[in-house]
Amino acid sequence: MFKATAEQLLGSRRSRYPLEVLTLPIIDLEIPTLLRFSIASEEGAPLALLVAPGDSVEAGGLLAGELEGAFIASPVRGSVTGVTSGPEIRGLQETSVVIVEPADGLPQAPFSSLDPETASIESLVGRLREAGVSSGSIRLSPLAKSLQLTEGNGVDQLVVLAADREPGICASAQLFRERANDVEAAAKLLGRVTSAGRIVLAVLEDMLPEATEVCRTGPMEILPIPAEYPESLEPLVALRAGAEGVTRVVTLEAALAALDAVREGRVPQSKVLTVIGREGKPVANYRVPLGTRIKEVLTAAGIETREKDKVLAGGPMRGFAQYSLSGAVDAGVDAITVIPAEDVVPWSEEPCINCGLCIEACPTNLQVQLISRYAEFELFDRTVELEIDQCIECGLCASVCTGRRPLVQLIRLAKREVEASA
């Protein structure tokens with residue numbers, strides 16, 4: 001797979017990649033001796049620290065937070081052994097990290113249970129916030145915030161995305177099979193708290209028989225997604241769902257985490273992810289305790305990295321390259337991908353040659369070549385004029401660039417700078 005991808009990076013015009021539905025059981029990893037929690041917000045700035053070294057913390061106890069309701073809750077009972085700096089897995093060099101030593105295993109219910117069908121909307125939304133339920137991958141955001149669960153912000157249709165978002169990843173499909181009996185309840189819960197008039201379950205076309213079985217008695221419609229990247233990315237799924245009004249797309253795992261927080265009183269404790277090995281194929285799906293270092297996941301998978309190998313937090317198209325394996329898994333990591341050194345295609349500093357392939361590949365029809373050049377020369381206001389906010393960071397532009405330019409990285413840089421100046 002990686003060899004073929006490398007050939008595409010050298011200039012092939014192919015810009016679509018198949019999404020396979022694989023059956024790969026989920027393996028539970030043991031909780032490590034220390035857990036690490038980044039306290040960076042979705043914009044990269046640190047959240048307010050709510051603990052200090054030496055403090056005891058209960059499961060569900062807050063480690064950091066902000067007024068808007070972005071909370072990081074500890075999934076375990078234990079003690080804070082330190083607050084230090086560490087790798088930020090989404091492109092920043094470092095972030096503040098809270099280190100927690102678990103006193104025991106993962107607890108089951110730090111909060112009281114609520115009835116998803118009779119509890120007040122206010123109490124349900126409050127539970128999602130206090131439990132620290134998050135959604136997203138490129139940017140990790142509190143679920144209540146991403147769904148705009150505030151007064152005056154309604155949602156017309158809610159889409160629960162049960163399809164994996166990148167090639168080689170099969171964690172979501174396997175989670176769908178493992179918790180098929182909870183899918184309807186999770187969708188109904190989020191439909192209730194958002195007052196959505198329409199609830200849609202989005203699956204890859206190959207999963208239609210399984211989805212039909214789940215939805216045969218419930219209120220959900222089924223939305224089949226072509227098994228081709230990037231059709232399963234949230235913005236394109238929202239477009240395919242159609243209908244007018246406000247559409248919100250939430251991953252199946254985030255929806256199930258919301259259900260567990262409400263019905264069972266649990267905080268999110270783990271992340272289901274796929275490890276993609278050196279051969280470019282999925283090695284296994286793991287249920288990884290939140291706060292586990294990437295290095296510890298690779299060790300469990302029996303993968304030893306070598307000099308100049310590239311390790312990504314995420315999949316092969318949108319993952320973030322890691323300069324250290326000490327970065328920790330959070331609720332947005334769908335995969336850990338290892339690319340062997342011989343298959344890594346180096347980026348070039350050569351200027352754009354205006355071949356136009358990136359424009360042809362872009363699913364949102366952006367002037368990628370101009371946006372990236374403005375970003376390169378720090379003309380970030382110009383990127384706003386070219387609607388950089390419409391970029392879904394799918395990576396297709398970089399995969400066809402004959403000049404091997406780091407297009408996605410330049411666009412991500414510009415987005416951060418635009419946000420910082422707002």
Side-chain angles (χ1 to χ4, degrees), residues 41-42 47 50 59-62 64-75 108-136 139-162 175 179 181-202 214-215 217-223 234 237-238 241-269 331-332:
S41 69
E42 59 183 305
L47 300 171
L50 301 177
L62 298 182
E66 63 181 8
L67 293 177
E68 289 77 8
F71 297 135
I72 298 177
S74 175
Q108 294 301 311
F111 299 116
S112 60
S113 66
L114 299 173
D115 189 327
E117 297 183 1
T118 62
S120 69
I121 302 300
E122 181 181 7
S123 63
L124 294 175
V125 173
R127 173 57 55 83
L128 299 186
R129 287 177 173 149
E130 68 181 348
V133 180
S134 298
S135 181
R139 301 285 181 90
L140 191 61
S141 177
L143 180 61
K145 183 178 179 181
S146 63
L147 290 176
Q148 292 188 345
L149 300 183
T150 57
E151 187 176 352
N153 288 313
V155 173
D156 297 289
Q157 60 176 354
L158 174 76
V159 180
V160 176
L161 178 60
L175 185 62
R179 299 196 59 182
N181 293 334
D182 292 327
V183 173
E184 180 182 351
K188 287 175 65 176
L189 166 65
L190 294 186
R192 182 166 179 247
V193 297
T194 58
S195 300
R198 182 183 180 219
I199 304 175
V200 178
L201 177 67
V214 167
C215 298
T217 60
M220 293 183 293
E221 302 175 32
I222 299 177
L223 176 66
E234 287 93 325
V237 171
E244 297 181 356
V246 178
T247 299
R248 290 290 178 266
V249 180
V250 58
T251 64
L252 173 64
E253 190 165 15
L256 291 171
L259 178 66
D260 292 341
V262 169
R263 192 172 65 182
E264 301 178 22
R266 289 196 288 165
V267 297
Q269 300 167 337

Gly132 and Pro268 have their tightest heavy-atom pair at O-CG, 4.1 Å
Ser134 versus Ala254, closest heavy-atom pair with distance
O-CB, 3.6 Å
I'd like to know whether CG of Asn181 has more than 12 heavy-atom contacts from other residues, nucleotides or ligands below 6.0 angstrom.
no
Report yes if the side chains of Gln269 and Val267 come closer than 4.5 Å at any heavy-atom pair, otherwise no.
yes
Audit row: Leu252, Leu161, side-chain contact (heavy atoms from CB on, under 4.5 Å) steps and yes/no
CA-CA 5 Å; Leu252 173 64; Leu161 178 60; over 6 Å; no
From Leu62 atom CG to Ser74 atom OG, the distance as rounded to the nearest 0.5 Å:
10.0 Å
Within a strict 4.5 Å, meaning less than it, do heavy atoms of the Arg127 and Ser112 side chains meet?
yes
Is there a side-chain hydrogen bond (donor to acceptor under 3.5 Å, both in side chains) between Ser113 and Glu264? Walk through the geometry before answering.
CA-CA 5 Å; Ser113 66; Glu264 301 178 22; over 6 Å; no
Heavy-atom nearest pair, Ala59 first then Pro110, reads O-CB, 3.1 Å
Kindly say whether Pro142 contributes a backbone atom to a donor-acceptor pair with the side chain of Arg129 at under 3.5 angstrom?
no
Could you go step by step and tell me if Val250 and Val159 meet the side-chain contact (heavy atoms from CB on, under 4.5 Å) rule?
CA-CA 6 Å; Val250 58; Val159 180; over 6 Å; no
Compare all side-chain heavy atoms of Val160 with those of Val200 and state whether any distance is below 4.5 angstrom.
no
So the salt bridge (charged side-chain N to carboxylate O under 4.0 Å, His left out) pairs with at least one residue in residues 245-263 (sequence neighbours excluded) are Arg179-Asp260, Asp182-Arg263, Glu253-Lys271, Asp260-Arg266
Please check: side-chain N/O of Asp156 versus main-chain N/O of Thr247, any donor-acceptor pairing under 3.5 Å?
no
Would you compute the distance between atom OG of Ser120 and atom CG of Asp115 and round it to the nearest 0.5 angstrom?
11.5 Å
Is Arg198 paired with Glu221 through a side-chain N to carboxylate O contact shorter than 4.0 Å?
yes
Leu128 side, atom CG; Ser135 side, atom OG - distance, nearest 0.5 Å
11.0 Å
Apply side-chain contact (heavy atoms from CB on, under 4.5 Å) to residues Glu117 and Arg192 and explain how you reach the verdict.
CA-CA 8 Å; Glu117 297 183 1; Arg192 182 166 179 247; 5.5 Å; no
Considering all heavy atoms of both residues, which atom of Leu50 and which atom of Gly65 are nearest to each other, and what is their separation?
CD1-N, 3.9 Å
To the nearest 0.5 Å, atom CG of Leu158 lies from atom OG1 of Thr194 at 5.0 Å
Under the side-chain contact (heavy atoms from CB on, under 4.5 Å) criterion, do Leu223 and Leu201 qualify, and how do the steps go?
CA-CA 6 Å; Leu223 176 66; Leu201 177 67; over 6 Å; no
Drop me the distance from Leu143's CG to Leu190's CG, to the nearest 0.5 angstrom.
6.0 Å
If you take all heavy atoms of Pro116 and Leu259, which pair is closest and at what distance?
CG-CD1, 4.4 Å
How many angstroms lie between atom CD of Glu184 and atom CD1 of Ile199, to the nearest 0.5 angstrom?
9.0 Å
Can you give me the closest heavy-atom contact between Ala331 and Leu140, atom names plus distance?
C-CD1, 4.0 Å
